[in-house]
Visitor: 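There's a structure below that I have some questions on.
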Amino acid sequence: MKTLQVDLGARSYPIYIGQALLGQAALIKEHVKGRQVQVVTNKTVAPLYLEKTLAAFADFQTDKVILPDGEKYKNLKVLNKIFNTLLRQRFDRQTTLVALGGGVVGDMAGFAAACYQRGVPFIQIPTTLLAQVDSSVGGKTGVNHRLGKNMIGAFHQPQCVLIDINTLQTLDDRQLSAGLAEVIKYGLINDLEFFYWLESHADELLARDAQALSFAIARSCQDKGQIVAEDERESGRRALLNLGHTFGHAIETGLGYGRILHGEAVAIGMCLAAQFSMRLGWIDEADVSRLIALIEKMALPTRIPKRLKVEQMLKLMQVDKKVREGKIRLVLLQGLGNAITTDQYDPQLLRQTLAAAKLSARQTTWWPMQLF
Ligand code: NAD
Ligand code: GLY
């Protein structure tokens, strides 16, 4: 097992990464403050991992909330299910919430923990690759609003993150690839060596080789943890973690939550960020092609779904937490491994980038976007 630390002073916490960690009660029990534990999961994950998780908390008063599965349920109405259970069962202020599932469950359980009785502790047990490399680390929690993704939320750090990579064996291929999009993101932001490693280990990752997965997860968590430690509340550097997200969130919202996976939308967004950076003269065409090739290799999409119009995309991109005084700030690339945040660009070039990405980018034949 590897243990990493997110350094946030009094709010510091460990990330445990290894195989068969779910059954290891001693590991998580020390992070439970009171006697009450509420496990939040969903209909898909519960039959797979809930029993094992509850067994680890055998000495505590436990209960569970099983949410419906899907991005379209990541909203305030469904969040209330968690509060209803907590209140009905008289869970007190010492309760620890445990998020068992992907990023949707993690974001919702974390947000419930941030709000319940003005804040109770929580533990992240992420079971998708995306949640293991990104959403479970860093304390961003929240839900979607009809008008914008992740627009209602809070910063609330977990007590610990427990990553059992064996849980990835039950994940379907499309979800695995979605997680790999966020992994590539770290290489692009500031870890060129990792980007090169990903190019040469793509096959092992897609084949779910435990060693390769473990390395990629640990490196991603380390990269993210460092940025979060520097800028917990995103007043500066943390915005880099949103590479591809302003485009991606617009695609997710535009298509309707759940039509495209978050990681898939981010993959397209990273291609757009690179293509726009190329128009601005900041990155070579060869490097953009190299990025697109890696994203395609990971079985991810690279272009905007046909039905989204350029003007619609631009309008949706305005609903972004990085917007200041109406100007869309974007994370762009000054070469591979060097991301920056800027609002200094010609909006016409942005329009042209979006238009070209719809018309010219390559597309794999199996891509489910064709269904839309
Ligand atoms: P998800 O939570 O919807 O999980 C994907 C699917 O996999 C779901 O159907 C889920 O039930 C299923 N699943 C989960 N674990 C499984 C397992 N081990 N075996 C089989 N099936 C399993 O999606 P996600 O990609 O994990 O997370 C996406 C969400 O995370 C988005 O809402 C996004 O906004 C959010 N996010 C948050 C942050 C953050 O910093 N808080 C960062 C990135 C993404
Ligand atoms: N996923 C972006 C962040 O955690 O800041």
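Everything numeric in this text was worked out from a predicted model, so none of it was measured. Just so you know, ligand 1 is whichever comes first in the structure, and atom 1 is the first atom listed for that ligand.
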Visitor: Applying a 4.0 Å heavy-atom criterion (strictly less than), which segment of His245 is in contact with ligand 2: side chain, backbone, both, or neither?
Guide: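 His245 to ligand 2: no contact under 4.0 Å from either part.
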
Visitor: Please determine if Arg238 has a nitrogen or oxygen closer than 3.5 Å to a nitrogen or oxygen of ligand 1.
Guide: no

Visitor: Angle class for the His201/Trp197 ring planes (parallel below 30°, perpendicular above 60°, tilted otherwise)?
Guide: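 Geometry flag for Trp197 against His201: parallel rings.
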
Visitor: Roughly how far, to the nearest 0.5 Å, is the CG atom of Asp172 from the CG atom of Leu261?
Guide: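 That separation rounds to 8.0 Å.
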
Visitor: Quick check: are there more than 12 heavy atoms from other residues, nucleotides or ligands sitting under 6.0 Å from NZ of Lys315?
Guide: no

Visitor: With a heavy-atom distance limit of 4.0 Å, tell me whether Asn42 approaches ligand 1 through its side chain, its backbone, both, or neither.
Guide: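 Looking at Asn42 and ligand 1, just side chain atoms fall under 4.0 Å.
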
Visitor: Please work out, at 4.0 Å between heavy atoms, whether the side chain, the backbone, both, or neither of Lys224 comes within that distance of ligand 1.
Guide: side chain

Visitor: Output yes when the distance from some N or O of ligand 1 to some N or O of His245 is under 3.5 Å, and no in every other case.
Guide: no

Visitor: Heavy-atom pairs closer than 4.0 Å: do any link ligand 1 to the side chain of Val104, the backbone, both, or neither?
Guide: both

Visitor: Would a 4.5 Å heavy-atom cut-off, applied to side chains only, mark Gln36 and Gln89 as touching?
Guide: no

Visitor: Once you round to the nearest 0.5 Å, how far does CG of Leu21 lie from CE of Met1?
Guide: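 One gets 6.5 Å once the value is rounded to the nearest 0.5 Å.
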
Visitor: Are more than 12 heavy atoms, taken from residues, nucleotides or ligands other than Gln211, located less than 6.0 Å from that residue's CD atom?
Guide: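 For Gln211, atom CD is not crowded (no more than 12 foreign heavy atoms under 6.0 Å).
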
Visitor: Please say which of His31, Gln24, Lys2 ends up in a side chain to side chain donor-acceptor pair (under 3.5 Å) with Tyr16.
Guide: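 With Tyr16 as partner, His31, Gln24, Lys2 yield a single side chain to side chain donor-acceptor pair (under 3.5 Å), made by His31.
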
Visitor: So which heavy atom in the protein is nearest atom 21 (N) of ligand 1, and how far is it from that ligand atom?
Guide: Leu171 CD1, 3.9 Å

Visitor: Identify, by atom number and element, the atoms of ligand 1 in contact range of Asn150, meaning under 4.0 Å from any of its heavy atoms.
Guide: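 Reading through ligand 1 atom by atom, the close ones are 34 (O).
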
Visitor: Say whether, by atom type as modelled, one donor and one acceptor occur between the side chain of Tyr13 and the main chain of Leu8 under 3.5 angstrom.
Guide: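 Not at all, since once roles are kept as given, no pair shorter than 3.5 Å links the two residues.
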
Visitor: Mark yes or no for whether Lys327, through its side chain, and Asp343, through its backbone, hold a donor-acceptor pair below 3.5 Å.
Guide: yes

Visitor: Do Thr167 and Leu171 have side-chain heavy atoms sitting under 4.5 Å apart?
Guide: no

Visitor: Can we call the ring centroids of Tyr116 and Phe91 under 6.0 Å apart?
Guide: no

Visitor: For ligand 1, does His262 get within less than 4.0 Å through its side chain, its backbone, both, or neither, judged by non-hydrogen atoms?
Guide: side chain

Visitor: Kindly compute the distance separating CG (Asn338) from CG (Asp191), expressed to the nearest 0.5 Å.
Guide: 12.5 Å

Visitor: Using a strict cut-off of 4.0 Å, indicate which atoms of ligand 1 neighbour a heavy atom of Lys74.
Guide: 31 (C), 32 (O), 33 (C), 34 (O), 35 (C)

Visitor: Can you name the atoms of ligand 1, numbered from 1 with element, that are less than 4.0 Å from a heavy atom of Thr128?
Guide: 4 (O), 5 (C), 7 (O), 13 (N), 14 (C), 15 (N), 24 (P), 26 (O)

Visitor: Which protein non-hydrogen atom lies closest to atom 9 (O) of ligand 1, naming both residue and atom, and how far is it?
Guide: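 Among all protein heavy atoms, the one nearest atom 9 (O) of ligand 1 is Asp69 OD2, 2.7 Å.
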
Visitor: Among protein heavy atoms, which sits nearest to atom 19 (N) of ligand 1, and what does the distance come to when rounded to 0.1 Å?
Guide: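 Ranking protein heavy atoms by distance from atom 19 (N) of ligand 1, first comes Thr170 OG1, 2.7 Å.
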
Visitor: Which residue and non-hydrogen atom of the protein lie closest to atom 4 (O) of ligand 2, and at what distance in Å?
Guide: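 Protein heavy atom with the smallest distance to atom 4 (O) of ligand 2: Lys224 NZ, 2.6 Å.
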
Visitor: Does the residue Lys43 have a heavy-atom contact with ligand 1, meaning some pair of atoms that are separated by less than 4.0 Å?
Guide: no

Visitor: Which atoms of ligand 2 sit under 4.0 Å from any heavy atom of Asp134?
Guide: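 Per the distance check, 1 (N).
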
Visitor: Roughly how far, to the nearest 0.5 Å, is CG of Asn144 from CE of Met108?
Guide: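 So the gap between those two atoms works out to 9.0 Å.
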
Visitor: Compare Gly179, Ser135, Ala131 and give the one whose heavy atom is closest to atom 39 (C) of ligand 1.
Guide: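 Shortest heavy-atom distance from atom 39 (C) of ligand 1: Ser135.
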
Visitor: If you count the non-hydrogen atoms of other residues, nucleotides and ligands that lie under 6.0 Å from CD in Glu30, is the total more than 12?
Guide: yes

Visitor: Among all protein heavy atoms, pick the one closest to atom 6 (C) of ligand 1 and tell me residue, atom and distance.
Guide: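 Answer, as residue, atom name and distance: Gln175 NE2, 3.3 Å.
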
Visitor: Of the options Val105, Leu79, Asn150, which is the one that meets Lys74 in a side-chain contact (heavy atoms from CB on, under 4.5 Å)?
Guide: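 Result for side-chain contact (heavy atoms from CB on, under 4.5 Å) with Lys74: Asn150.
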
Visitor: Side chain, backbone, both or neither: which part of Leu48 has a heavy atom under 4.0 Å from ligand 1?
Guide: side chain

Visitor: Within a distance under 4.0 Å of any heavy atom of Lys149, pick out the atoms of ligand 1 and give their elements.
Guide: 31 (C), 32 (O), 33 (C), 34 (O)

Visitor: Classify the contact between Val45 and ligand 1 as side chain, backbone, both or neither, using a heavy-atom distance cut-off of under 4.0 Å.
Guide: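 The part of Val45 near ligand 1 is the side chain, not the backbone.
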
Visitor: When you compare ligand 2 with Lys140, is there at least one nitrogen or oxygen pair between them that comes in under 3.5 angstrom?
Guide: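 By distance alone, the answer is yes.
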
Visitor: Among all the protein's non-hydrogen atoms, which is closest to atom 23 (O) of ligand 1, and how far away is it?
Guide: Gly103 N, 4.1 Å

Visitor: Looking at Asp107, which atoms of ligand 1 are within less than 4.0 Å of one of its heavy atoms?
Guide: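 Close to Asp107: 35 (C), 36 (N), 37 (C), 39 (C), 41 (N).
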
Visitor: Is there a heavy atom in Glu182 that sits closer than 4.0 Å to ligand 2?
Guide: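 Outside the 4.0 Å threshold, so no.
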
Visitor: Ligand 1 and Thr127, any nitrogen or oxygen pair closer than 3.5 angstrom?
Guide: yes

Visitor: Counting heavy atoms only, which part of Thr141 comes closer than 4.0 Å to ligand 1: side chain, backbone, both or neither?
Guide: neither

Visitor: Using a strict 4.0 Å threshold on nitrogen-to-oxygen distance, state whether Glu199 and Lys297 make a salt bridge.
Guide: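 Between Lys297 and Glu199 there is no salt bridge, as every charged N stays at least 4.0 Å from the carboxylate O atoms.
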
Visitor: Specify side chain, backbone, both or neither for Thr44, according to which of its non-hydrogen atoms lie closer than 4.0 Å to ligand 1.
Guide: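 Near ligand 1, Thr44 shows its side chain, while the N, CA, C and O stay back.
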
